[in-house]
Structures are given as C-alpha cells and as structure tokens.
Enquirer: 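Shown below is the structure under consideration.
Labels below follow one simple rule: chain letters A, B, ... track the order of the sequence lines, proteins then strands, and each chain is numbered from 1.
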Amino acid sequence: MTYKSEFLRVLDERGYLHQITDADALDAAAVAGVVPAYVGFDCTAPSLHIGNLVSIMMLRKLQQSGHKPIVLLGGGTTKVGDPSGKDAGRQLLDDSRIAGNMATIKRIFERFLVFGDGPTDAVMVNNADWLDKLEYIPFLRDIGRHFSINRMLTFDSVKLRLDREQPLSFLEFNYMILQAYDYLELSRRFGCRLQMGGSDQWGNIVNGTDLIRRVDSKDAFGLTTPLITTSDGAKMGKTANGAVWLHEDSLPSYDYWQFWRNTQDADVGKFMRLFTEIPEAEIRRYEALEGAEINTAKKALADAATALCRGPEAAAAAAETARATFEAGEAGGDLPSLSIGADGIGLLDALVGLNMAASKGEARRLIRGGGVKVDDVTVSDEALHLPGAAKLSVGKKRHGVLVAG
RNA sequence: GGAGGGGUGGCCGAGCGGUCAAUGGCAGCAGACUGUAAAUCUGCCGGGUUUUCCCUACGUUGGUUCAAAUCCAACCCCCUCCA
C-alpha cells in the first residue's frame with residue numbers, strides 16, 4: 001500500500017515494516033501531527049548490539065520525519081533479571097551497574113538521535129521510575145484485571161515455551177503485563193501513541209495497545225520490524241569474538257567496519273536500506289554490480305554504517321586500515337597491536353596477547369593447520385621467537401601488529 | 001506433599017562401570033577454490049606442557065570400586081500427572 005505519511009513511507013521503502021496494528025489510522029495520525037513513539041531496550045550489558053540497530057534506526061527515521069522518539073530502558077526489568085533460557089543463575093545486576101550501563105547506552109543513542117526538550121526531541125526514560133514503586137494489590141486490581149490468562153496462553157512467547165516443555169516462570173509470564181503497563185505509563189506521561197519493536201514483540205505490543213484502550217479509552221498503535229536474518233537464514237550479528245557491539249569500548253571501530261565489509265553478497269542491498277542512509281537510487285546502482293565488483297558496494301555499506309554509529313573519522317580510519325592491510329599488504333594503523341619488550345616475544349604468546357587465539361593450544365593448532373603468517377609468510381615453527389616488530393595474521397582476515405618498545 | 005521422567009562440552013543430542021576429553025549434528029575457526037562473498041571439499045574444535053604426560057569437566061556433595069558420565073545415597077533444579 002502507499003502511505004501518506006513520510007514516516008511510514010520511508011519505513012516501508014526501506015524494509016522496516018512487518019506488522020502494524022492499524023496501518024491506516026497510524027498513517028493518518030502521522031500526517032496529522034507529532035506522534036510520540038517508543039522502543040524498549042534492555043540494559044543488561046554496557047552496550048547495545050547489532051540486533052538492536054534496526055529499532056534504533058527506526059527511531060531515527062521517526063525523528064527525521066518529524067515525530068518524537070522515546071527510548072525506554074528496562075532498568076526495572078533488568079533489576080529483576082530475565083529468567084528466560086534454562087540457566088537459572090543469570091546474575092542480577094545491582095543499581096550502580098545498571099546506572100553505568102544506562103550511561104554508556106545513552107551515548108550510543110546520541111549518535112542517532114537528537115535529545116532535548118523540544119516537541120520532537122528524543123527523550124530517554126527508565127521504567128524503574130514507575131515499576132519500582134508499584135504496589136502489588138493495587139496493580140493487580142487496576143491492571144491485572146484487564147488481562148485474561150486464557151488469552152495470554154495463546155501468545156507465541158508463552159505458547160512456544162509451553163509446547164516445548166521449557167520452563168516459564170511466573171515472573172516471566174508477567175513480563176508482558178509489565179511491558180503493557182510501560183506503554184500505558186508512557187501514553188500518560190508523553191502522550192505516546194506508538195510502540196515499535198522486533199517481530200517477537202508483537203504480542204507484548206498488542207497487549208499494550210489493548211490495555212491503553214481499556215483503561216484510558218485511547219487509541220494506541222503498534223508496529224514491528226521483520227526479524228533480520230542473513231540470506232542463509234542465520235540471525236545476524238555474530239563475529240568470531242561474539243556480538244557486534246555498537247559502543248566503541250566494546251568493539252573497536254575497525255572490527256565494526258569489518259563486520260559490514262564481510263556482508264554476504266545477497267544482503268548488501270537490504271542492509272544498505274536498513275542500516276545506512278544511502279539514497280535508494282544509489283543502492284540500486286550498487287545492487288546491479290556483479291561478481292567481484294560488489295566489493296565496492298560492501299565498502300560503501302561499511303563506510304556508511306560505521307560513520308553513522310562511530311562517526312565519519314572512525315569510519316575513514318577503519319576503511320584506510322582495511323585498504324592498507326588487504327589491498328596494499330601493509331599493516332594498517334587501526335589493527336590491534338601489542339607492544340613487546342627488548343627480549344621480543346614467543347609466537348604463541350603474541351597470538352594470545354593479540355586475542356588472535358583464545359589459548360596457546362589453539363595457537364598451536366592454527367600454526368599446525370597452516371593458518372598463521374608472520375609478515376605474510378606462513379610459519380610452521382610453534383616455538384618461533386619474534387625479536388621485534390612484525391605483522392601477524394591468522395587466516396586472511398585477522399591481523400595484528402607487534403610494536404617494539 | 002505423592003508418582004514418574006530428566007539435568008552431558010557454545011547449542012541440540014548419544015553414551016549408561018574400564019578402550020570416555022566423551023559418537024553424531026549445528027555453530028565456530030583454519031586450509032583449498034575465490035572476490036575480505038556464497039557453495040563445496042579437507043582439517044581443527046576444554047586447558048596446559050618437554051604431546052603416547054598432567055590438569056579440569058558429564059547438576060551438587062558424599063559413598064561403593066583397582067576403576068564412575070555410567071552404580072548407591074542425600075540434596076538442588078526442570079518437566080509431566082496426581083493432591
């Protein structure tokens with residue numbers, strides 16, 4: 001369908017839309033005036049990762065098209081600890097850790113959104129502000145009465161668990177209620193009329209819109225994004241070292257750039273639409289490239305995505321390091337480095353020290369398998385001693401440098 | 001509270017007294033081929049080391065045994081049914 005509002009038109013064109021509760025009404029609302037909208041984020045870690053990026057970009061599009069983004073951090077729910085999965089012992093975070101995480105997370109958002117007090121400025125709130133104060137009996141009476149267990153049991157998040165005979169604690173069962181309550185609270189505080197999230201959030205979001213309708217007799221909307229997978233079906237966002245973090249303290253910009261550079265051919269266009277602001281016409285041109293030419297497109301993707309998240313300078317530095325390393329065969333300045341003393345260092349220790357191998361045993365295996373190069377020459381001597389500066393490589397992609405001194 | 005089933009390496013899942021650091025599969029890493037892609041084939045895939053050696057590991061703690069992931073006991077947790 002064609003949308004009248006800039007907001008939905010952009011989301012549609014760029015591939016962000018999966019489901020909308022009432023597309024026509026939301027479209028009309030977005031034409032008529034400012035729509036405050038929110039996305040909730042967990043704050044168990046000091047950084048968000050690529051999996052959150054679609055939602056972040058969506059908030060950015062929202063603001064760019066003249067609406068108000070609300071970033072909701074789950075300080076309250078984080079404190080309780082998400083009981084999902086089978087390992088019961090996930091540690092509970094204390095207030096100071098959560099506060100610390102929230103501070104760094106806010107810095108990520110500042111790259112994507114404009115915060116302030118204006119009508120379309122972004123705001124960031126913490127659901128601990130209201131969840132902490134809830135009183136059980138009044139909450140049950142005012143809110144709990146609107147939830148039917150029969151219906152809750154039909155939601156995928158619950159149903160799948162039960163069908164698979166996986167544990168589902170009462171606490172977790174209550175998550176959807178708490179999330180619905182968050183939406184109600186934001187509706188009251190900021191006039192929030194839209195909640196967005198990943199497709200797995202659909203049930204929770206719909207609960208929120210229903211609750212607002214029942215309690216306050218107001219219309220509220222929900223919108224979800226498709227689950228972003230790579231073209232071979234895997235969830236995106238993993239590298240050799242784990243999650244692709246958005247904050248530079250958790251993942252160097254060079255690695256961030258490399259993540260995008262290594263996108264599969266088939267995903268380049270999709271990722272450009274979702275994670276960059278390259279104009280559609282230009283994306284089409286990139287998509288038309290064939291064979292090895294598509295590497296140009298991947299570099300453009302990496303440049304643009306890194307510039308958005310890490311800033312143009314970090315992106316340029318990463319791009320230059322990659323160029324020097326891969327195309328000129330030199331050691332680029334952004335590569336991980338390890339300084340060594342006058343005595344030099346053993347090859348195994350160097351590999352471990354540069355995080356290029358998790359253990360000496362792994363380093364040995366890599367050497368035996370012919371995967372390690374020193375200054376571009378494959379080595380076979382595990383006991384090799386490196387006297388001074390050198391470039392180390394594991395495979396084709398992972399490089400590091402030893403710096404004398 | 002009662003009865004039954006179950007807890008194994010990042011995940012799934014075999015093993016059910018020695019030959020078990022533990023079959024398979026997935027994921028991951030490396031090699032070959034390429035384009036820092038995909039697919040395919042090959043190798044690796046707990047840690048250490050002076051590599052037919054030593055640690056650590058099959059929910060937890062004890063016990064039986066020359067020997068336990070495997071048997072016994074207690075405890076913890078999960079699932080199903082009953083109350």
Enquirer: Taking NZ, NE, NH1 and NH2 as the nitrogens, is one of them in K391(A) or D376(A) under 4.0 Å from a carboxylate oxygen of the other?
Expert: yes
Enquirer: With nearest nucleotides of RNA chain B determined for G370(A) and T263(A) from heavy-atom distances, which residue corresponds to the more 5′ nucleotide?
Expert: G370(A)
Enquirer: Using the C1' atoms only, state how far U19(B) lies from U23(B), rounded to an integer number of Å.
Expert: 14 Å
Enquirer: Rounded to the nearest Å, what distance is computed from the CG atom of residue L366(A) to the C1' atom of nucleotide C29(B)?
Expert: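 So the CG-C1' distance, L366(A) to C29(B), works out to 7 Å.
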Enquirer: Is E6(A) salt-bridged to K61(A), cutoff N-O under 4.0 Å?
Expert: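 Looking at E6(A) and K61(A), the cut-off is not met.
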Enquirer: Mind checking the C1' distance from A57(B) to U70(B)? Whole angstroms is fine.
Expert: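 Result for the C1' pair: 15 Å, nearest Å.
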Enquirer: Whole-Å distance between A37(B) P and W260(A) CH2?
Expert: 17 Å
Enquirer: Give the rounded distance in Å between these two atoms: CG of D265(A) and P of U34(B).
Expert: 16 Å
Enquirer: Who is the Watson-Crick or G-U wobble partner of A74(B), with both distances under 3.5 Å?
Expert: U60(B)
Enquirer: Tell me whether the side-chain N/O atoms of R261(A) come closer than 4.0 Å to OP1 or OP2 in A37(B).
Expert: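 For A37(B), neither OP1 nor OP2 has a side-chain N or O of R261(A) closer than 4.0 Å.
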Enquirer: Salt bridge or not for K299(A) and E327(A), using N-O below 4.0 Å?
Expert: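 Yes, charged N to carboxylate O under 4.0 Å.
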Enquirer: With a 4.0 Å limit, can you tell me whether K397(A) has a side-chain N or O closer than that to the phosphate oxygens OP1/OP2 of A37(B)?
Expert: yes
Enquirer: Take the angle between the ring planes of W260(A) and F275(A) and call it parallel below 30°, perpendicular above 60°, tilted in between.
Expert: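 If you compare the ring of W260(A) with that of F275(A), the planes turn out tilted.
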Enquirer: Should the pair E320(A)-R323(A) be classified as a salt bridge under the 4.0 Å nitrogen-to-oxygen rule?
Expert: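 Between R323(A) and E320(A) there is a salt bridge, with a charged N closer than 4.0 Å to a carboxylate O.
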Enquirer: Determine the interatomic distance between P on C72(B) and the same-named atom on G5(B); round to the nearest Å.
Expert: 12 Å
Enquirer: Taking the C1' atom in each of A32(B) and G6(B), what is the distance between them to the nearest angstrom?
Expert: 45 Å
Enquirer: Determine the Euclidean distance between corresponding C1' atoms of U49(B) and C55(B); express it in Å to zero decimal places.
Expert: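 The same atom, C1', in both gives a distance of 10 Å.
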Enquirer: If the cut-off is 4.0 Å, is R398(A) near the phosphate of C29(B), judged by side-chain N/O to OP1 or OP2?
Expert: no
Enquirer: Look up atom CD1 in I294(A) and atom CG in D265(A), then write down how far apart they are to the nearest 0.5 Å.
Expert: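 That separation rounds to 4.5 Å.
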Enquirer: Regarding A322(A), tell me which of base, sugar-phosphate or nothing describes its non-hydrogen contacts under 4.0 Å with the strands shown.
Expert: base
Enquirer: Atom CG of N262(A) and atom CH2 of W257(A): how far apart are they, to the nearest 0.5 Å?
Expert: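 Nearest 0.5 Å value for the CG-CH2 distance: 9.0 Å.
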Enquirer: Of the candidate nucleotides G35(B), U50(B), A30(B), which contains the atom at the shortest distance from the side chain of A292(A)?
Expert: G35(B)
Enquirer: Once you round it to whole Å, what is the distance between C1' of G35(B) and CG of L301(A)?
Expert: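 That distance rounds to 16 Å.
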Enquirer: For the pair made of NZ in K373(A) and C1' in U36(B), what is the distance, rounded to whole Å?
Expert: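 Computing the K373(A):NZ to U36(B):C1' distance gives 12 Å.
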Enquirer: Should A21(B) form a Watson-Crick or G-U wobble pair with both distances under 3.5 Å, which nucleotide is its partner?
Expert: none
Enquirer: OP1, OP2 of U49(B) versus side-chain N and O of K360(A): anything below 4.0 Å?
Expert: yes
Enquirer: In whole angstrom, give the distance that lies between atom CZ of R364(A) and atom C1' of G43(B).
Expert: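 R364(A) atom CZ is separated from G43(B) atom C1' by 18 Å.
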Enquirer: Regarding R323(A), tell me which of base, sugar-phosphate or nothing describes its non-hydrogen contacts under 4.0 Å with the strands shown.
Expert: nothing
Enquirer: Taking atom P in both G62(B) and A69(B), compute the distance separating them and give it to the nearest angstrom.
Expert: 15 Å
Enquirer: Could you please name the partner base of C29(B), counting Watson-Crick and G-U wobble pairs only when both distances are under 3.5 Å?
Expert: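 Across all strands, the one nucleotide that pairs with C29(B) is G43(B).
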Enquirer: Return the value, rounded to whole Å, for the distance between atom CZ of R368(A) and atom P of C44(B).
Expert: 11 Å
Enquirer: Starting at CG of D267(A) and ending at C1' of A38(B), how long is that distance when rounded to a whole Å?
Expert: 10 Å
Enquirer: For G4(B), which nucleotide in any strand shown is its Watson-Crick or wobble partner with both distances under 3.5 Å?
Expert: C79(B)
Enquirer: Between E293(A) and R365(A), which residue's closest nucleotide on RNA chain B lies nearer the 5′ terminus?
Expert: E293(A)
Enquirer: Work out how far the C1' atom of C71(B) is from that of C29(B), and round it to whole angstrom.
Expert: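 Pairwise C1' distance, C71(B) against C29(B), rounds to 40 Å.
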Enquirer: Flag the pair R9(A) and D27(A) as a salt bridge only when some basic side-chain nitrogen lies within less than 4.0 angstrom of an acidic carboxylate oxygen.
Expert: no
Enquirer: Which of these nucleotides, A37(B), G47(B), U49(B), is closest to any side-chain atom of S359(A)?
Expert: G47(B)
Enquirer: Mind checking K298(A) for me? I need base, sugar-phosphate or nothing, with any heavy atom below 4.0 Å counting as a touch.
Expert: base
Enquirer: Under the 3.5 Å rule, do the base of U36(B) and the side chain of K299(A) count as making a donor-acceptor pair?
Expert: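 There is none.
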Enquirer: Please give the distance between the C1' atoms of C82(B) and C12(B) as a whole number of Å.
Expert: 32 Å
Enquirer: Is there a Watson-Crick or G-U wobble partner for A14(B) with both distances under 3.5 Å, and if so, which one is it?
Expert: none
Enquirer: Which glycosidic conformation, syn or anti, is assigned to U51(B) if syn requires a torsion within 90° of zero?
Expert: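 Nucleotide U51(B) adopts syn.
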Enquirer: Closest to the K396(A) side chain: A37(B), C29(B), C33(B)?
Expert: C33(B)
